[in-house]
Amino acid sequence: MTTIANDLLSTEQRVTTSVTVLQSQPYVAATAQGWHREAYNDVSERLANENGFPCVFSKNAIRKGLLKFIFVEGNGLQDMKRLARGLMAFVEVSSDWNGDLNTAYPLVVAFSENAISARRVEEYHAFGWRTLQRLHSLDNQPWPKEVPYDPSSTAWSMCFSGMPIFCNMSNPAHQSRASRNLGKHFKLVINPRERFDKVAGDTPAGRRARANIRDRILTYDGQPHCPQLGSYGEDSLEWWQYSLSDKNEIRTDRCPFKSDQSLSTTQNCPHAGDHSASERAGEKGTETT
Amino acid sequence: MFELIVSQGRIADRKDRTIEGALQTARMLEDALGLKGKYFGTPEPAKTDDWTLSLPEAEQTLACLQAAIADSIEASRTPIMVANTCSASLASLPTLAERYPEAILLWVDAHGDFNTPDTTDSGYLGGMVLAGACGLWDSGHGKGLRPDQVILVGARDIDAEELAQLRRSGVRILPPEEATPNAVREAVGKAPVWIHVDWDVMEPGHIPADYSVPHGFLPKQLREIFQAIPSGQLVGLELAEFHAPLSESESRAPLKHILSIIDPLLEPEAVV
């Protein structure tokens, strides 16, 4: 892991206090304070210090100092715009990925407790989906042609800035599914979809990797892996895997997320008139003023 | 007017292909700038040796580079030194310190290069360059650079002992997260600017370098930083550690990146 020690960045040596939205793990480890430090420590303790955390790729990433971080202070439009800028930067660096796992950066988006008011898993998930919807409304790049608009398609994926991404929603309300609890702050763990497919896709090595992770989930969570965990494009809905229920159960719910295209063609979607849709309209209006 | 000064002698190289990288970079700049470079040293194979051996071995190449840099400044030109390793700066930086005592040095590098014989674990000369130029140890090629003239840009992989030295000396640091164009512009102010680039400062995968580490600059980020440096303040440029791929066709993309990144610095300069 590359290191920038805390005292290297002591006040007298820091040239500026202006920092980029997207921050590297070594930088966060050296400089984070307040709730940023808490959020970082929570992630670090779970991924690095607990041998049993099921996702071996995440464990590898934190061991090598590869995580990227974005900290979201609030729930306002400026917070979302700032998050969108950071996510664009993440997409940019991920687009130029050289194929080496040593530069495969997962992104942790940590939200301040001021940004969210939730107690139950479902409430956190609703916030997570609203956030994705708002990011979509701020996205100035077209939805990739090869990705369906409709989350009920097995080939659907969240996309941002033209890149399909996988968004894991972790929150402190998870009791049974500990693998989706990365501490007291709500977090989105985001990876480029393509990279997921490369390391755990439908190849012998990928199948072994997935089997290993699911065995580890059984140990870590004390329950078998969620029945909605499947293989992208084959046997499961992707969006279910973003926001797993706390206990294994049959799910019949519908995805709150609507792409621009599906919004223009769907008259009766269950969430079209809710908070996310009205925010979306408001954000676009504000953008032009 | 620019003057191109090229190192072709081994200066503590531990891996092959950086001498070739300097050659390819120089040829590209000759074409781009329409000038002829001055080449110094004779290529030799890389080897892993201690600084106590590699420094005397590089004596002649370093002396030639230093004389060429001094002559270039004397002639009111802006030297561009293209080097295989950062160790070549043992020659250039004391001359910078002498001729431009008010200059700011932007050391654009993933590493601090601030070790001394007492702190180096690897014995690699390239990791001791800045400390030598600042007089923390005697390289035999001069000193005089003040630590407060130095700003590390993009540094993110620094040894513990080296860190302590940097802290004691007061070298300023802009990690990648803080190295915004505005921050760099503010840091240089109106001073003459000398820029050293080790390509390991980049995000891996764009410009091959032997000691690259994660979380570096994308090409457009570094270009934007250089765009922020006011025209006319540049008094010297150093490019080092491009590890040339085995085929010239594979070099095209990284060379294109290099040219694109430094292009904002290559506008006709004004005298500071």
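Just so we're on the same page: letters track the sequence lines, and every chain starts at 1. Hydrogens, waters and symmetry mates are skipped; everything else that's a heavy atom, side chains included, is used. No experiment lies behind these values; they were computed from the predicted model shown.
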Counting only heavy atoms not in [X], do more than 12 sit closer than 6.0 Å to its [atom1] atom?
{"X": "Glu38(A)", "atom1": "CD", "value": "yes"}
{"X": "Gln141(A)", "atom1": "CD", "value": "yes"}
{"X": "Met169(A)", "atom1": "CE", "value": "yes"}

Quick test of your reading: applying salt bridge (charged side-chain N to carboxylate O under 4.0 Å, His left out), list the pairs with at least one residue in residues 194-223 of chain B, sequence neighbours left out, ordered by first then second residue. Glu92(A)-Lys220(B), Arg223(B)-Asp263(B)
Please name all residues satisfying side-chain contact (heavy atoms from CB on, under 4.5 Å) with Pro117(B), sequence neighbours left out, ordered by chain then number. Trp51(B), Met128(B), Trp137(B)
Ala228(B) meets the side-chain contact (heavy atoms from CB on, under 4.5 Å) criterion, sequence neighbours left out, with Pro181(B), Arg185(B)
Gln23(A) side chain vs Glu177(B) backbone, donor-acceptor pair below 3.5 Å: no
Chain B-proximal positions within residues 101-110 of chain A [heavy-atom distance under 4.5 Å]: Asn102(A), Thr103(A), Tyr105(A)
Among Glu178(B), His215(B), Arg156(B), the one residue meeting side-chain hydrogen bond (donor to acceptor under 3.5 Å, both in side chains) with Tyr27(A): Glu178(B)
